[in-house]
Amino acid sequence: MQTKATLTDPLDDAPGAMRVAVIGAGLAGASCGRALRFADAQVTVFERSPHVGGRMATRQATWTDGAGIAQSATFDYGAQCFTTARPRFSAFIARAAAEGRARRWQPMIHASRSIASEGCFVPSPATPALCSHLLEGATLHLQRNVRRLQRAADGAWYVVSDDAAPAGPFQYVVLAVPPAQAAVLLAGHQDAWAAAAMTRRMETCWTLMAVTDDVDWPWDAAEPDRGPLAWVVRNDRVPGRSQRHGVAVWTGHSTAEWSAGRLKAEPQAVSGELQDALRAQLPAEGSNGQPWRWHYAGVHRWSHAGPALDCGSFDGGDAWWDEPLGLGVCGDWLGGGGVEAAWSSGDELADVMAASFERTGAPRAAPMNRQPHLASVSADDHLVTG
């Protein structure tokens, strides 16, 4: 089951507070929002899904066993684990581990090509937990699909979403959404950024979630060198995840190339192909020596699973900030992709925004015809440049 953050009353902080709207409650938006709250800003987060976490997602599925008893299993069907390299992110995860919000995992991986030999980390008790923690205390609007941004003559921002009156006013806006969505919201306000975001190609990924009879499979995960699956994991062997006697819980992510050819495929057909691919990785018999059975199988399509490998990082840095407009953009697609890139992008944007707060000393209102001063920030540079 997804982890939900606490919903608080909107726009009820002290008068004169620096009001910031963050669009997107994934790890980049959560990281940025948390750091901005430490800078004494009032943060309101808008998320179009019913849950926080973005691609750090968990889903629960149910089925009925042979005895007619309802059973359930939980799948980490988004970003399942991550490594740390950057000092600030490493320090954040070290604190999270000390607080029980992350756990180290040393999986046994067949044909590993991506995870470092020293292991990785997983959020605890579920993958959205890190985002939920970072968003504690923020005003959070779930199931609010932001359609556009409006900017008044005095420079104040208003957030316009489906079936809701415009929210605001805000002095600052942060976009922490995939590039195609960011481009739509940027258009008419920061057209150069909108054009740049449209060039950022994101890959699609189909994810299989399945439950079978238990099998004698020595690996915790595998990276197949052929077929549609790029990554297969025994989800019930991930630290902190529940285990059920006699069954195996599987999550498998497809390759980008395979998914690209099935953008509009029917889920049932995709599920069948991925089940065949998983079957090819497993022994023919279950742990009881009999042919094993499927108990549950479902798929999810990630339309924005991550930036294409040929995109690299933007020259403009891991986050974008336009101080006169009071407009910022963050996301893993600016920093090369992945959990660490998402957190770092949001954290770095918050840093440069906090520096702006210190310079202005109060909420700013910029006239509409003022030429923007473009600023960028990267994970290795805490200074405003431009």
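Predicted model, so just to flag it, every value in this text is computed and none were measured. Residue indices begin at 1 and follow the sequence shown.
- Looking at Leu186 and Leu327, their side chains come closer than 4.5 Å, going by heavy atoms from C-beta outward.
- Closest heavy-atom contact between Gly53 and Cys131: CA-SG, 3.7 Å.
- Below 30°, between 30° and 60°, or above 60°: for Phe46 and Phe170 the angle between ring planes is above 60°, a perpendicular geometry.
- The closest side-chain heavy-atom distance from His189 to Val173 is not below 4.5 Å.
- The line from OG1 of Thr251 to CG of Asn235 is 3.5 Å long, rounded to the nearest 0.5 Å.
- Centroid-to-centroid, the aromatic rings of Trp320 and Trp333 come within less than 6.0 Å.
- Connection of Ile23 to Val160 is not established within any shared hydrophobic cluster, with ILVMFWY side chains joined at heavy-atom distances below 4.5 Å, either directly or through further cluster members.
- Partners of Ser72 by side chain to side chain contact (heavy atoms under 4.5 Å, CB included), not counting sequence neighbours, listed by chain and number: Gln60, Thr62, Arg244.
- When ring centroids are compared, Trp302 and Tyr77 come within the 6.0 Å threshold.
- Remark: Arg151 qualifies as a cation-pi partner of Trp157 under the 6.0 Å distance and 45° angle criteria applied to the six-membered ring.
- Interatomic distance, CH2 of Trp193 versus CG of Leu175, reported as 9.0 Å (0.5 Å rounding).
- The structure places CG of Leu185 at 10.0 Å from CZ of Arg147, a figure rounded to the nearest 0.5 Å.
- The two residues Leu130 and Phe92 come nearest to each other via the heavy atoms CD2-CZ, 4.3 Å.
- Residues Met56 and Pro123 share a closest heavy-atom pair of CE-CG, 3.6 Å.
- Here the straight-line distance linking atom CD of Gln181 with atom CE of Met202 works out to 9.5 Å at 0.5 Å rounding.
- Across every non-hydrogen atom of Ser242 and Asp236, the tightest pair is O-CB, 3.6 Å.
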Taking distance alone, no hydrogens or angles, what donor-acceptor pairs closer than 3.5 Å link side-chain atoms of residues 277-288 to residues at least two apart or in another chain?
| residue | atom | partner | partner atom | Å |
| --- | --- | --- | --- | --- |
| Arg279 | NH1 | Asp276 | OD1 | 2.7 |
| Asn288 | OD1 | Gln290 | N | 2.9 |

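- Take Ala39 and apply the side chain to side chain contact (heavy atoms under 4.5 Å, CB included) test, not counting sequence neighbours, and it matches Ala354, Phe357.
- Contact of the Met353 side chain with the Val174 side chain is registered, since non-hydrogen atoms from C-beta on lie closer than 4.5 Å.
- Taken to the nearest 0.5 Å, the SG atom of Cys120 stands 11.5 Å off from the CD1 atom of Ile93.
- Using a 30° and 60° split on the angle between ring planes, Trp217 and Trp250 fall in the perpendicular class, above 60°.
- Arg59 contributes atom CZ, which lies 6.0 Å from atom NE2 of His300 (distance to the nearest 0.5 angstrom).
- With no hydrogens or angles considered, a side-chain donor-acceptor pair links Gln42 and Arg19 at under 3.5 Å.
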